[in-house]
Amino acid sequence: MTITLKDGDVVIELLPDVAPEHVRRIKDLANAGRYDNVAFHRVIDGFMAQTGDVEYGNMENGFNARLVGTGGSREPNLQQEFSDVPFEPGIVGMARSSHPDTANSQFFIMFERVGSLDGKYTVFGRVVDGMEHIRNIKRGDDAANGAVQNPDRMIKVRVGE
């Protein structure tokens with residue numbers, strides 16, 4: 001999967017052997033253009049950059065700064081597909097609520113190793129090129145749990161290139 005950011009392309013190797021249902025969902029949403037122009041709404045230095053709210057996060061069609069981060073797709077939530085892949089820099093995992101079976105469309109890309117996430121969130125990919133562009137994403141406010149004012153966005157997301 002290739003994500004075009006303001007500074008260049010990020011290539012993510014999808015891991016269907018680790019999380020087949022999550023990879024299928026990500027591909028379907030990307031192929032439908034649902035991730036294009038979606039904000040990085042929560043970005044915490046030393047932790048991760050979160051995006052993928054296709055309901056409230058499209059900065060060119062229906063962006064809602066108050067609700068971004070609470071939405072998903074029209075598809076049902078996914079059951080967890082936890083693995084032993086560690087959450088280290090460049091790992092891409094699915095965001096969810098406190099219940100493990102609530103991942104839908106949102107995902108996050110790790111800046112650093114955070115072992116407390118291991119086995120508790122679904123890993124579906126890893127950055128193989130362009131991590132420097134991920135590191136340049138605008139950070140959020142620490143006092144607001146990483147919420148970003150005027151956030152950066154995924155300009156375009158493609159699968160299979």
Side-chain angles (χ1 to χ4, degrees), residues 1-3 5 10-44 46-59 61-128 130-131 134 137 140 144-148 151-154 156-160:
M1 178 168 80
T2 302
I3 301 173
L5 302 180
V10 176
V11 179
I12 295 171
E13 173 190 12
L14 299 175
L15 304 173
D17 293 344
V18 174
E21 295 305 314
H22 288 74
V23 167
R24 184 173 298 114
R25 170 70 52 85
I26 294 296
K27 284 180 163 183
D28 288 349
L29 291 170
N31 286 332
R34 297 295 309 276
Y35 284 131
D36 295 353
N37 295 303
V38 172
F40 281 93
H41 65 272
R42 183 170 174 246
V43 184
I44 301 173
F47 183 26
M48 58 87 221
Q50 185 172 334
T51 185
D53 184 340
V54 299
E55 186 173 2
Y56 301 116
N58 187 320
M59 296 183 70
N61 184 13
F63 181 77
N64 187 321
R66 191 174 54 82
L67 294 177
V68 68
T70 66
S73 72
R74 291 187 180 105
E75 299 301 316
N77 289 341
L78 295 164
Q79 291 199 359
Q80 60 86 7
E81 293 178 297
F82 298 160
S83 69
D84 59 1
V85 177
F87 278 88
E88 55 194 17
I91 286 295
V92 187
M94 289 298 283
R96 61 172 176 81
S97 72
S98 59
H99 189 282
D101 296 331
T102 55
N104 189 292
S105 68
Q106 294 187 47
F107 62 90
F108 56 92
I109 303 171
M110 301 300 296
F111 292 130
E112 303 295 336
R113 170 90 173 102
V114 179
S116 61
L117 301 181
D118 293 355
K120 297 181 177 94
Y121 289 79
T122 297
V123 170
F124 72 87
R126 67 171 49 93
V127 174
V128 294
M131 191 63 194
I134 296 295
I137 293 170
N145 196 27
V148 185
D152 287 338
R153 69 182 83 186
M154 297 185 289
K156 184 154 187 67
V157 180
R158 309 174 296 286
V159 176

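A quick note: this is a predicted structure, and the numbers were derived from the prediction, not measured.
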Note to self: V38 vs R153, test: side-chain contact (heavy atoms from CB on, under 4.5 Å). Steps then yes/no.
What the structure shows: CA-CA 5 Å; V38 172; R153 69 182 83 186; over 6 Å; no
Check: Could you walk me through whether H41 and Q106 pass the side-chain contact (heavy atoms from CB on, under 4.5 Å) check?
Finding: CA-CA 10 Å; H41 65 272; Q106 294 187 47; 3.1 Å; yes
Check: Has Q79 got more than 12 heavy atoms of other residues, nucleotides or ligands less than 6.0 Å from its CD?
Finding: no
Item checked: CG on L15 to NE2 on H22, rounded to 0.5 Å -> 12.5 Å
Next item on the list: Quick one: closest heavy-atom pair of M59 and D152, and the distance?
Entry: SD-O, 4.2 Å
Check: Do you know the tightest heavy-atom contact between N145 and R42?
Finding: O-NE, 3.1 Å
Item checked: E55 side-chain N/O to G72 backbone N/O, donor-acceptor pair under 3.5 Å -> yes
Next item on the list: Apply the side-chain contact (heavy atoms from CB on, under 4.5 Å) test between I12 and each candidate in V159, V128, T2, V92; give the one that qualifies.
Entry: V92
Note to self: Does any part of the side chain of I3, heavy atoms only, come nearer than 4.5 Å to the side chain of L5, both counted from C-beta?
What the structure shows: yes
Margin query: Looking at D36 and V157, would you say the former's side chain and the latter's main chain have a donor-acceptor pair under 3.5 Å?
Written below: yes
Note to self: Determine whether a donor-acceptor pair (N or O, by modelled atom type, separation under 3.5 Å) exists between the side chain of Y35 and the backbone of T51.
What the structure shows: no
Next item on the list: Without swapping roles, check the side chain of D53 against the backbone of G71 for a donor-acceptor pair under 3.5 Å.
Entry: yes
Checklist line | S97 versus T102, side-chain donor and acceptor atoms under 3.5 Å | finding: yes
Check: Can you tell me if N58 and N37 form a side-chain donor-acceptor pair at under 3.5 Å?
Finding: no
Notebook entry, point to check: Would you call M94 and N104 a side-chain contact if the rule is heavy atoms closer than 4.5 Å?
Noted result: no
Check: Taking the side chain as C-beta and beyond, is there a heavy-atom pair between F40 and M154 under 4.5 Å?
Finding: yes
Check: Got L78 and F124 here, is their nearest side-chain heavy-atom distance under 4.5 Å?
Finding: no
Item checked: Contact summary for A65 and V68, nearest pair of heavy atoms -> O-CG1, 3.7 Å
Next item on the list: Look only at the side chain of E81 and the backbone of E21, and say whether a donor-acceptor pair between them is shorter than 3.5 Å.
Entry: yes
Notebook entry, point to check: Can the ring centroids of Y121 and F82 be said to lie less than 6.0 angstrom from one another?
Noted result: no
Next item on the list: Using a 4.5 Å cut-off on heavy atoms from C-beta on, say whether the side chain of K27 contacts that of R25.
Entry: no
Margin query: Can you tell me how the ring of F108 sits relative to the ring of F87, calling it parallel under 30°, perpendicular over 60° and tilted otherwise?
Written below: parallel
Notebook entry, point to check: Would you say F111 and V43 make side-chain contact, with heavy atoms under 4.5 Å?
Noted result: yes
Item checked: For K120, salt bridge (charged side-chain N to carboxylate O under 4.0 Å, His left out) partners two or more places apart -> none
Checklist line | NZ/NE/NH1/NH2 to OD/OE distance under 4.0 Å, R113 and D118 | finding: yes
Check: Do L29 and S73 come close enough that some side-chain heavy atom pair is under 4.5 Å?
Finding: yes
Check: Which atom names give the shortest non-hydrogen contact between A49 and I137, and what distance separates them?
Finding: CB-CD1, 4.1 Å
Margin query: Is it the case that the side chain of R96 and the backbone of D101 share a donor-acceptor pair, with hydrogens and angles ignored and the cut-off at 3.5 Å?
Written below: no
Next item on the list: Using atom types as modelled and distance alone, determine if a side-chain donor or acceptor of Q50 lies under 3.5 Å from a backbone N or O of A95.
Entry: no
